[in-house]
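So the structure is just underneath, and the comments pick up after that.
Positions are given from 1 along the sequence. As the structure lists them, so they are numbered: ligands from 1, and atoms in each ligand from 1.
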Amino acid sequence: MITVEINNIIEKASLKLPKPPEFGFILGSGVDVFSNINTIASYDFADLFGIKPSISGHSGSLTFGYAPGSEILIAVLKGRYHVYEGHSLDVVTLPLQLLKALGLKNIVLTNAAGGIDQSFTPSDLMVITSYFDCISPNSHGVLDILKAPPETYTSKLLDLALKLIKDDKAMRKGCYAAVLGPSYETTAEVNMLKILGANAVGMSTVPELKYALANNIVPLAISVITNVWGGKTEMGGHKEVLEVSKIASKKLESFLCQLIEEHSRQVV
Ligand code: HPA
């Protein structure tokens, strides 16, 4: 997307903010945090971008408001576009491009993911420290990507998150394998990802993470583990993903509030 088009979207929506958003939060399937912030403006993705997300649990809204009990302006994006819906990476990163144009500083990317690490349990939260990118078109093909070690990223927000979870046994950290989907994984695929060192698998997040890293937005990525492959329970499909995500959201919101608070303490 070119800057002129983003500016047109901003103009058409009369989108004016009192200051640039300090934090953005992209909420994955069923993730329900910051639903009762002190809202100053709210938009539907369909009105802004002309495209409605097609997946249930991704209502597609962008809300600006103040984080609970603070004057920190945040943007909450309920839902996202996926490559498996037939969208280009340009469309997938469109909401983030808009926030970048508004001066966004930090982005927290969340997703629902399947646990591959057998020590995980559904509703665990995993801070993503590295990833495999099997989503972005790559001239070498998927097998070449998978032969390489996972990619890592550095960010001040990641450092802060790792510091906060240091003594919290309920919070995990690990490697996220981003696959194209839309089908959930076969047993063979899960086994392959396990051998490669992935701790969780999902179908999003890495395109936005790469966009943020390339565009001076400080990123952090977190998975909500909604199911564990090969675990005691069967994978119950998208409905189960949405249910578990909702349950884990309480824990996620309290972690995110802690993150914002600690961040503002360090910035001041
Ligand atoms: N695989 C891919 N995406 C997912 C999963 C999974 O097991 N669970 C939630 N999103």
Are Asn215 and Gln97 close enough that a side-chain donor and a side-chain acceptor fall under 3.5 Å?
no

Ser61 (side chain) donor-acceptor with Asp44 (main chain) under 3.5 angstrom
no

Could you tell me how the ring of Phe34 sits relative to the ring of Phe25: parallel (under 30°), tilted (30 to 60°) or perpendicular (over 60°)?
tilted

Parallel, tilted or perpendicular: rings of Tyr43 and Phe64 (30°, 60°):
perpendicular

Check: every ligand 1 N/O to protein N/O pair under 3.5 Å:
{"from": "ligand 1", "atom 1": "1 (N)", "to": "Glu185", "atom 2": "OE1", "distance (Å)": "2.7"}
{"from": "ligand 1", "atom 1": "1 (N)", "to": "Glu185", "atom 2": "OE2", "distance (Å)": "3.4"}
{"from": "ligand 1", "atom 1": "7 (O)", "to": "Asn227", "atom 2": "ND2", "distance (Å)": "3.0"}
{"from": "ligand 1", "atom 1": "7 (O)", "to": "Trp229", "atom 2": "NE1", "distance (Å)": "2.8"}
{"from": "ligand 1", "atom 1": "8 (N)", "to": "Gly114", "atom 2": "N", "distance (Å)": "3.4"}
{"from": "ligand 1", "atom 1": "8 (N)", "to": "Thr226", "atom 2": "OG1", "distance (Å)": "3.4"}
{"from": "ligand 1", "atom 1": "8 (N)", "to": "Asn227", "atom 2": "OD1", "distance (Å)": "2.8"}
{"from": "ligand 1", "atom 1": "10 (N)", "to": "Ala112", "atom 2": "O", "distance (Å)": "3.2"}

Lys/Arg N to Asp/Glu carboxylate O, Glu262 vs Arg265, below 4.0 Å
yes

Ser88 vs Asp90, test: side-chain hydrogen bond (donor to acceptor under 3.5 Å, both in side chains). Steps then yes/no.
CA-CA 5 Å; Ser88 65; Asp90 215 15; 5.3 Å; no

